[in-house]
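Computed from a prediction, not measured in an experiment: that's the story for all the values here. One-based numbering, in listed order, for ligands and for the atoms of each. Start at 1 with the first residue, then count along the sequence.
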Amino acid sequence: MVAYGEDAVSRITVIGTGYLGTAHAACLAEMGFEVLGMDVDQEKVDALTRGVPHFYEPGLEPLLHSGLSFTTSYAEVAVFGDVHFVCVGTPQRAGSYRADLSQIYGCIHALGPLLDRPCLVVGKSTVPVGTAERLAGQLSRISPAGHGCELAWNPEFLREGHAVHDTMRPNRIVAGVTSARAEAALRELYAGPIAAGTPFLATDLPTAELVKVAANAFLATKISFINAMAEVCEATNADVAKLSEALALDPRIGGAALRPGLGFGGGCLPKDIRAFLARAEELGVDQALSFLREVDSVNMRCRARVVDLARELAGGSLRDQAIGVLGVAFKPDSDDIRDSPALDVAATMHRLGATVTVYDPVALGNACQVHPELSYAGSALDAITSATVTLLLTEWQEFCDADPEEFGRVVAKRNIVDGRNALDADPWREAGWTYRALGRPY
Ligand code: UGA
């Protein structure tokens with residue numbers, strides 16, 4: 001048994017209760033640890049204390065039960081735990097590609113002076129390589145426990161919409177550590193998933209930080225690769241859906257992150273590749289990552305190309321057209337609209353003069369706050385009623401299962417842009433729809 005203080009690791013704190021921290025805290029409690037979640041936002045803490053997540057994540061709510069409490073107090077955190085996970089946000093800095101690390105530094109500087117006994121602080125947030133080493137030095141300087149207060153970096157790979165599964169059964173655990181004691185503590189903490197077969201990789205701090213950004217850069221590159229192929233398909237009348245299917249059958253390539261369409265969004269991939277580019281520049285290795293600029297450009301072009309398809313179907317101009325949009329979350333099974341390609345397309349069409357009515361099963365509240373100028377409907381049928389063009393922009397299952405006849409009865413014109421290559425084109429065409437998707441012949 002590994003001890004920080006007198007006991008084996010059993011009391012854990014999780015600082016930052018966003019998508020990542022809440023899932024992590026709830027899953028650790030489910031694994032049998034006593035967990036205290038902490039956030040500076042009183043409203044979030046109140047909701048979580050009532051057992052209600054402040055965001056949509058399938059399977060999370062039933063885990064917000066005993067063994068788990070929440071606070072807004074760093075002092076309570078310091079007293080409570082022997083292992084402290086840092087899960088605060090690292091968004092893109094306004095007007096720059098770099099990551100805004102103010103929440104991470106704020107957290108370490110608030111917590112450090114309160115840590116008066118040996119403990120392990122474990123960063124989970126995605127940070128530019130080199131951050132952890134800097135933080136480790138600062139932590140041991142500002143905490144009364146001094147070098148007894150260690151820092152480790154344990155990046156998180158969960159996908160929104162699958163957060164519970166990915167946390168309980170991750171495909172790997174990466175632990176950036178500077179001592180055998182820290183490694184042993186993390187092995188003990190993750191004994192459940194390790195026993196179930198999850199590989200555990202101990203690394204130094206910079207490697208652990210890099211694994212995370214490299215993984216997201218690779219996923220983004222795969223998505224932009226297939227979307228670049230879609231552009232080539234359009235120029236050659238080839239079919240990117242078949243192309244992707246055929247490529248995926250090569251096990252060296254694989255089908256994950258190879259679905260063509262509107263491209264990647266969310267709070268992670270877009271900002272992570274930009275922060276990686278910015279960090280590479282600081283390190284003098286910008287050439288090594290210059291391809292990520294293209295990855296970003298291909299991705300942003302997808303949005304413009306989907307708007308072009310809608311404009312084409314509308315007869316050349318979106319002005320005064322009634323447009324029905326299905327889906328605004330950045331992906332299905334999430335209410336997250338951060339850098340959502342779907343919401344971006346909806347807002348662009350509005351700027352071009354269209355009357356855009358949007359429906360999403362769970363993301364309408366979030367979307368409405370950021371884009372009050374759009375119209376919001378309570379169902380898919382309401383959103384597309386009288387539409388001259390319908391766009392499927394987030395592939396929620398209910399849209400994939402839609403009946404082209406039923407939809408056809410309410411629209412003004414049977415025009416559909418399948419922004420996610422999620423529909424089987426044949427039944428839609430048979431029902432009289434003009435079906436268009438990026439990279440597909442028509
Ligand atoms: C991503 C990574 O997949 C996680 O491993 C990582 O932990 C997380 O970022 C993070 O850094 O926190 P997530 O953003 O939840 O997870 O979503 P993904 O499922 O990777 O999808 C990202 C975007 O790419 C979505 O907009 C999705 O619609 C798009 N996508 C995904 C495609 O356009 N094509 C695909 O084939 C796959």
the protein heavy atom lying closest to atom 6 (C) of ligand 1 turns out to be Leu158 O, 3.3 Å
Please verify whether a non-hydrogen atom of His162 lies at under 4.0 Å from ligand 1.
-> no
If you measure only the distance, is there a donor-acceptor pair under 3.5 Å linking the side chains of Thr207 and Asp204?
-> yes
Please work out whether any backbone atom (N, CA, C, O) or any side-chain heavy atom from C-beta onward of Lys212 is under 4.0 Å from ligand 1, and answer side chain, backbone, both or neither.
-> side chain
Backbone or side-chain N or O of Pro341 under 3.5 Å from ligand 1 N or O | no
Leu269, portion touching ligand 1 at heavy-atom distance under 4.0 Å | side chain
Considering only non-hydrogen protein atoms, determine which one is nearest to atom 33 (O) of ligand 1 and report residue, atom name and distance to 0.1 Å.
-> Arg420 NH1, 3.3 Å
Just let me know how Asn227 lines up against ligand 1, side chain, backbone, both or neither, with a heavy-atom cut-off below 4.0 Å.
-> neither
Lys/Arg N to Asp/Glu carboxylate O, Arg305 vs Asp308, below 4.0 Å | no
Test the Arg11-Phe80 pair against the cation-pi criterion, namely NZ or CZ under 6.0 angstrom from the six-membered ring centroid and within 45° of the ring axis.
-> yes
Does the distance from a Lys or Arg side-chain N to an Asp or Glu carboxylate O, for Glu156 and Lys212, drop under 4.0 Å?
-> no
Given Lys331, Glu395, Glu160, Lys271, which one has a non-hydrogen atom that is nearest to atom 19 (O) of ligand 1?
-> Lys331
For atom 24 (O) of ligand 1, the protein heavy atom that lies nearest, with its residue and separation | Phe264 CB, 3.2 Å
Can you tell me the protein heavy atom closest to atom 16 (O) of ligand 1 and the distance?
-> Arg159 CA, 3.9 Å
Could you tell me whether Asn216 approaches ligand 1 through its side chain, its backbone, both or neither, with non-hydrogen atoms closer than 4.0 Å?
-> side chain
Under 3.5 Å, is there a donor-acceptor pair between the Arg259 and Asn421 side chains?
-> no
Do any N/O atoms on Thr126 end up under 3.5 angstrom from N/O atoms on ligand 1?
-> no
Please check if atom CZ in Phe291 has more than 12 non-hydrogen atoms from other residues, nucleotides or ligands closer than 6.0 Å.
-> yes
Below 6.0 angstrom between ring centroids: does that apply to Tyr435 and Tyr442?
-> no
Which residue and heavy atom of the protein sit nearest atom 10 (C) of ligand 1, plus the separation | Cys268 SG, 3.0 Å
Identify the closest protein heavy atom to atom 3 (O) of ligand 1: which residue and atom is it, and at what distance?
-> Leu219 CD1, 3.5 Å
Does an N or O anywhere in Gly266 fall below 3.5 Å from an N or O of ligand 1?
-> no
May I ask you to say whether Glu281 pairs ionically with Arg293, meaning some side-chain N is under 4.0 Å from a carboxylate O?
-> yes
The protein heavy atom nearest to atom 5 (O) of ligand 1 is Phe157 O, 2.8 Å
Gly261: heavy atom below 4.0 Å from ligand 1, yes or no?
-> no
Would you be so kind as to tabulate the donor-acceptor pairs closer than 3.5 Å made by side chains of residues 192-203, with sequence neighbours excluded?
| from | atom 1 | to | atom 2 | distance (Å) |
| --- | --- | --- | --- | --- |
| Thr198 | OG1 | Pro170 | O | 3.0 |
| Thr198 | OG1 | Pro193 | O | 3.3 |
| Thr203 | OG1 | Ala208 | N | 3.4 |

Note the single closest protein heavy atom to atom 30 (N) of ligand 1, along with its residue, its atom name and the distance in Å.
-> Ile223 CD1, 3.5 Å
Presence of salt bridge, Lys331 and Glu160, under 4.0 angstrom | no
Under-4.0 Å salt bridge between Asp339 and Lys271 = no
Does the N or O separation between Phe330 and ligand 1 drop below 3.5 Å for any pair?
-> yes
Is there a donor in the side chain of Ser179 and an acceptor in the side chain of Glu150, or the other way round, less than 3.5 Å apart?
-> yes
